[in-house]
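Take a look at the structure set out below.
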There are 2 protein chains.
Amino acid sequence: MTGATRALRSDAERTVRQILEAAERVLSRNPAATMEQIAEEAGVARTTVHRRFASRDALVGAMAAWATRRFADAVEAAHPETAPPLVALYQVTANVLRVKLDWGFAMSRALTADPEAARVHAEVEEKCERMFRAAREAGLLRPDADLGWARRVYYALIHEAAQSGDGDADALATRVVDTLLRGVGTTQGLTAPR
Amino acid sequence: MTGATRALRSDAERTVRQILEAAERVLSRNPAATMEQIAEEAGVARTTVHRRFASRDALVGAMAAWATRRFADAVEAAHPETAPPLVALYQVTANVLRVKLDWGFAMSRALTADPEAARVHAEVEEKCERMFRAAREAGLLRPDADLGWARRVYYALIHEAAQSGDGDADALATRVVDTLLRGVGTTQGLTAPR
DNA sequence: CAGAGTTGCATCATCAATGTTGCATGTTCT
DNA sequence: AGAACATGCAACATTGATGATGCAACTCTG
């Protein structure tokens, strides 16, 4: 591999990144957007997009793969296995939000056919599962908490926080974790109001 | 209007309903589904769908209009203006869930161009807003609660409950309201743990 | 400068979904 | 049975997105 080749390839990779980021911006606003619109947003010709990605599926797949990698790294960086549950929960939330703010669409498509992405995703899923189990055993969650429901709520809160978009990842994470654990009410719930 | 006409028109209306319901089933699974697939699910020919709905947009519009009406009725039937906040919250939740379980896709498309639907939707939005304000003033929500965030969370919880699909509307509503107010944790939150 | 590589542009082929129409065949009511 | 209407079927036109290709122009690097 010559120096020239490296330099040129670097240009190419920059273009690829521009396309991926443009696709994220466009598709997060309109999932049915056209390759033309993506190319326009990326500032390249549509043919260039097709030269880089054989098909639309390939493009979305590449986005999903990229987001999946960042997602897995974000979770791993929070050390959810070793950190105390509350710390882990907060760190995972903040890190995932950082990724999701930039790659929301790609992450929503990360559950597709690609076997590698599916594997990574399942792995993260399992880590999250264990984190919630640990949280419950540590008394952070109610002993009778339905972990499946808790996880659903958690994902939904992260999603809403990412959509609302006001504040940085740390502020949003605080809000998410706080809401997840305490809700927004003052009462002790329907079963024991007041 | 002759009796014959009435009878025939009644047949036609039944077909329309079958198409609307089939479209909901198909599109909730795959929003990009084909008119062909919708027709197949409805047990009619594709041409029949096109005879009833001039275009795909018209079909989705009709679904949205139908769902919007049921949605507005569901909220109104809970008397959110006059009932005590906690009761109103629960009743609205249960009633909306009943609609959303059957018309999830249509409701997700109810924010479109149609002026009448938009009006109704804004009206409901406002009722909900007032309900949350009343809930806060009644001490049901924390005094410092961000109503915008609370509403987002509320909508998201309803959505998740409808997706999870286990249990009837009343059980789901209980879960939603309980989670909204108390969260899933035992602590007093990040600011005052333990 | 020469060469390798990339991009833009124009163009073409393909394809799937949409929307239309004519006609024969029911179905329901009178 | 006859009138009125609805449906299925087959065929057709249209359209918009997708994907491919040839060529000229550009930008690096050596």
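Reminder, nothing fancy here: chain letters follow the sequence lines and each chain counts from 1. Model, not experiment: these values are computed from the prediction.
One N or O donor and one acceptor, one from the side chain of B:Arg51 and one from the base of C:dG22, sit under 3.5 Å apart.
Heavy atoms of B:Arg46 sit under 4.0 angstrom from at least one base atom.
The CD atom of A:Glu40 sits 13 Å away from the P atom of D:dA17 (whole-angstrom rounding). Remark: P of C:dT7 and CD of A:Glu13 are 12 Å apart, rounded to the nearest angstrom. In this entry the distance linking CG of B:Leu59 with P of C:dA17 reads 16 Å, nearest Å. Rounded to whole Å, the distance from CZ on A:Arg14 to P on C:dG5 is 18 Å. Here D:dA20 presents its C1' atom at 13 Å from CE of A:Met35, a figure rounded to the nearest Å. Atoms CD1 (B:Ile19) and C1' (D:dG8) sit 13 Å apart, rounded to a whole Å. Rounded to an integer number of Å, the gap from CG of B:Leu27 to P of C:dA17 is 14 Å. B:Phe53 places its CZ atom 11 Å from the P atom of D:dT7, with the value rounded to the nearest Å.
A residue-by-residue look at B:Ala54 and A:Ala45 shows that A:Ala45 has its nearest nucleotide of DNA chain C further toward the 5' end.
Regarding contacts with the backbone of D:dT7, a side-chain N or O of B:Arg52 is found under 4.0 angstrom from either OP1 or OP2. When the side-chain nitrogen and oxygen atoms of A:Thr48 are compared with OP1 and OP2 of C:dG8, one or more of them lie within a distance under 4.0 Å. Applying the 4.0 Å criterion to OP1 and OP2 of C:dT18, one finds that B:Ser55 has every side-chain N and O outside that range. Side-chain nitrogen and oxygen atoms of B:His50 include at least one within less than 4.0 Å of the OP1 or OP2 phosphate oxygen of C:dG19. Using a 4.0 Å cut-off, no side-chain N or O of B:Thr47 falls inside it from OP1 or OP2 of C:dG19.
A salt bridge links A:Arg142 to B:Asp178: at least one charged side-chain nitrogen sits closer than 4.0 Å to a carboxylate oxygen. Looking at B:Arg17 and B:Glu21, a side-chain N of the basic residue comes within less than 4.0 Å of a carboxylate O on the acidic one, giving a salt bridge. The existence of a salt bridge linking B:Arg175 and A:Asp146 is confirmed by a sub-4.0 Å separation between a basic side-chain nitrogen and an acidic carboxylate oxygen. Using a 4.0 Å cut-off between a side-chain N of Lys or Arg and a carboxylate O of Asp or Glu, B:Arg133 and B:Glu137 do not qualify as a salt bridge. Salt bridge absent: B:Glu40 and B:Arg46 never bring a charged side-chain N and a carboxylate O closer than 4.0 Å.
Nearest heavy atom pair, residue B:Ile19 against residue B:Ile38, reads O-CG2, 4.3 Å.
Direction change of the helix axis from one end of the helix from C:dC1-D:dG30 to C:dT30-D:dA1 to the other is 30°, with five pairs defining each end axis (rounded to 10°).
Note: A:Trp66 and A:Trp103 have perpendicular aromatic rings, judged against thresholds of 30 and 60 degrees for the angle between ring planes.
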